[in-house]
Amino acid sequence: MTASGSPVATDVAAVPHLDVDPFAMSFFADPYPTHELLREAGPVVYLDKWSVYGVARYAEVHAVLNDPATFCSSRGVGLSDFKKETPWRPPSLILEADPPAHTRTRAVLSKVLSPTVMKQVRDRFAAAAEVRVDALLEKRSFDAIADLAEAYPLSIFPDALGLKPEGREHLIPYASVVFNAFGPPNQLRQEAIERSAPHQAYVAEQCQRENLAPGGFGACIHDRVDDGEITATEAPLLVRSLLSAGLDTTVNGIGAAVYCLARFPDQWQRLREDLSLARGAFEEAVRFESPVQTFFRTTTREVELSGAKIGEGEKVLMFLAAANRDPRRWDKPDSYDITRRTSGHVGFGSGIHMCVGQLVARLEGEVMLTALARRIAKIEIAGEPKRRFNNTLRGLDSLPVTITPA
Ligand code: OVV
């Protein structure tokens with residue numbers, strides 16, 4: 001207690017220490033009880049297993065995301081501190097950067113993925129969603145992950161980027177390495193990096209200007225070199241960011257939405273009755289499942305956060321998924337409700353690093369859910385869903401479903 005009588009945690013010993021491992025298979029299988037434990041233990045906790053601070057309540061996750069000067073990204077947004085360890089690949093020029101360097105690269109990707117550009121690709125994305133639903137209606141029974149959540153983004157995003165047809169099978173495996181690499185040095189991370197060489201070689205090659213079709217997102221990034229906004233060395237690395245973060249995230253976002261709508265048939269019926277709810281249904285799935293579960297920040301100075309004193313150079317793990325279901329912030333947090341006011345959820349992050357590709361993700365989600373709801377009366381789970389394990393991404397490996405045409 002201080003002289004005034006208010007309780008102030010003053011050091012590491014004063015925050016609750018928990019021995020949970022948020023990167024263990026058992027945690028991934030069912031993270032929700034542990035999310036609750038983390039939120040209830042206090043506003044800031046310490047995870048002895050990995051020697052990091054953790055925040056799982058909405059208020060603290062939001063606060064950390066919105067103070068990038070104190071909680072920086074340039075020392076890595078995974079467990080590894082780039083000041084102490086060599087990164088497994090050259091750092092991202094946007095994700096793993098702070099202002100002022102971040103400001104310029106962010107502006108470039110914001111323009112490449114702007115509302116104007118979305119208008120240009122919308123009809124193509126919507127037509128491809130219809131084609132995908134045609135194929136699913138032919139099959140009736142299929143795997144909603146392979147045949148829908150993966151097949152749809154794979155049918156549009158690599159083309160939108162301007163990638164050549166050969167070698168696209170590396171894209172999802174490469175992203176899987178990237179998102180596993182944010183985690184601790186567990187088996188998932190170590191094996192992913194060990195096997196990453198062919199995927200890295202493919203990605204590095206596709207990032208070169210001569211390998212990107214004119215008019216695509218990739219070429220648009222390289223075009224900014226000509227205006228002097230970025231250098232010729234920076235452009236390929238910014239293309240790499242789209243290859244890293246632009247596909248597996250939407251696969252898991254669309255997978256989450258279909259999994260929600262299959263589990264909660266009343267929400268599916270609601271969507272069918274009002275197709276204008278498609279965008280909200282996708283957004284709520286991003287809140288409810290949080291395809292990107294966690295990110296870290298590193299403190300640049302000693303800081304007090306909700307009464308906890310955190311020293312300089314400490315890693316802080318943000319449980320985005322737990323914040324998205326914090327009962328302090330959300331009514332009925334564990335209900336999937338497509339009419340919910342989802343604004344403020346941190347499934348896309350918040351603040352200066354908030355997902356720069358969010359308009360692409362929402363466009364894909366909206367047109368796919370619209371196409372599905374227009375032509376399918378019922379989606380039934382027809383077999384045991386299998387989970388896909390990744391240090392950062394939450395999603396399924398397979399989801400057997402049977403659909404009934406409208
Ligand atoms: C948001 C995100 C995830 C993974 C990789 C990157 C970004 C990147 O910029 O490379």
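All values below were derived from every heavy atom in this structure, side-chain atoms included, with hydrogens, water molecules and symmetry-related copies excluded. Read the numbers this way: they start at 1 and go in the same order the structure lists the ligands and their atoms. Just so you know, these numbers come straight off a predicted model, no measurement behind them.
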K.L.:
Give a yes or no answer on whether the side chain of D67 reaches the backbone of A63 with a donor-acceptor pair at less than 3.5 Å.
P.N.:
no
K.L.:
Of all residues at least two apart in sequence or in a different chain, which pass the salt bridge (charged side-chain N to carboxylate O under 4.0 Å, His left out) check with K119?
P.N.:
none
K.L.:
How are the rings of Y58 and H62 set relative to one another: parallel (under 30°), tilted (30 to 60°) or perpendicular (over 60°)?
P.N.:
parallel
K.L.:
Do any nitrogen or oxygen atoms of ligand 1 lie under 3.5 Å from a protein nitrogen or oxygen, and which ones?
P.N.:
| unit_1 | atom_1 | unit_2 | atom_2 | d |
| --- | --- | --- | --- | --- |
| ligand 1 | 9 (O) | S92 | OG | 2.7 |
| ligand 1 | 9 (O) | S241 | OG | 2.6 |
| ligand 1 | 10 (O) | R89 | NH2 | 2.9 |
| ligand 1 | 10 (O) | S241 | OG | 3.4 |

K.L.:
K139: which residues meet the salt bridge (charged side-chain N to carboxylate O under 4.0 Å, His left out) condition with it, sequence neighbours left out?
P.N.:
D147
K.L.:
Applying salt bridge (charged side-chain N to carboxylate O under 4.0 Å, His left out), can you list everything that pairs with R362, at least two apart in sequence or on another chain?
P.N.:
E283
K.L.:
Taking salt bridge (charged side-chain N to carboxylate O under 4.0 Å, His left out) as the criterion, tell me which of R124, R168, K164 meets it with D159.
P.N.:
R168
